[in-house]
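Presented below is the structure to which this report refers.
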Amino acid sequence: MQNQTTLEKLDEKVSQILRKYHELKSENETIRNELITLKAQKQIQVQELEKLSEQNTMKDLEIEEIVSKIESMLG
């Protein structure tokens with residue numbers, strides 16, 4: 001009888017471990033998907049930042065050209 005109780009306890013513990021394993025596996029997959037999404041969003045933001053930086057540089061060049069033209073007109 002004691003042996004049966006021990007086997008039942010062991011079965012219960014194994015079942016608990018398996019449930020926890022499946023929970024953690026699912027949570028890991030969710031986190032992995034979130035990470036992939038965040039990496040993609042970051043890449044989009046980096047590209048947008050590069051584009052805006054390039055636009056800013058072009059605007060600075062335009063301003064320098066305008067200032068240079070004004071200075072040459074004023075003598």
Evaluate the criterion side chain to side chain contact (heavy atoms under 4.5 Å, CB included) for residue pair Val46 and Lys42; output intermediate values, then yes/no. CA-CA 6 Å; Val46 165; Lys42 178 187 172 198; 4.3 Å; yes

Holding to salt bridge (Lys or Arg N to Asp or Glu O under 4.0 Å), I want the full list of residues that pass it with Arg32, two or more places apart in sequence or in another chain. Glu29

With sequence neighbours excluded, tell me which residues meet salt bridge (Lys or Arg N to Asp or Glu O under 4.0 Å) with Glu27. none

Would you give the length of the straight line joining atom [atom1] of [X] to atom [atom2] of [Y], rounded to the nearest 0.5 angstrom?
X     : Y     : atom1 : atom2 : answer
Gln45 : Gln47 : CD    : CD    : 11.0 Å
Gln16 : Asp11 : CD    : CG    : 10.0 Å
Leu49 : Asn56 : CG    : CG    : 10.5 Å
Gln55 : Glu48 : CD    : CD    : 7.5 Å
Asn28 : Asn33 : CG    : CG    : 9.5 Å
Lys25 : His22 : NZ    : NE2   : 7.0 Å

Are the side chain of Ser26 and the backbone of Glu23 linked by a donor-acceptor contact shorter than 3.5 Å? no

If you group Ile, Leu, Val, Met, Phe, Trp and Tyr whenever their side-chain heavy atoms sit less than 4.5 Å apart, what else falls in with Met58? Leu61

Neighbour count above 12 (heavy atom, 6.0 Å) for Glu54 CD: no

Are Leu10 and Leu18 joined in one hydrophobic group, where the rule is that I, L, V, M, F, W and Y side chains link up if heavy atoms are under 4.5 Å apart? yes

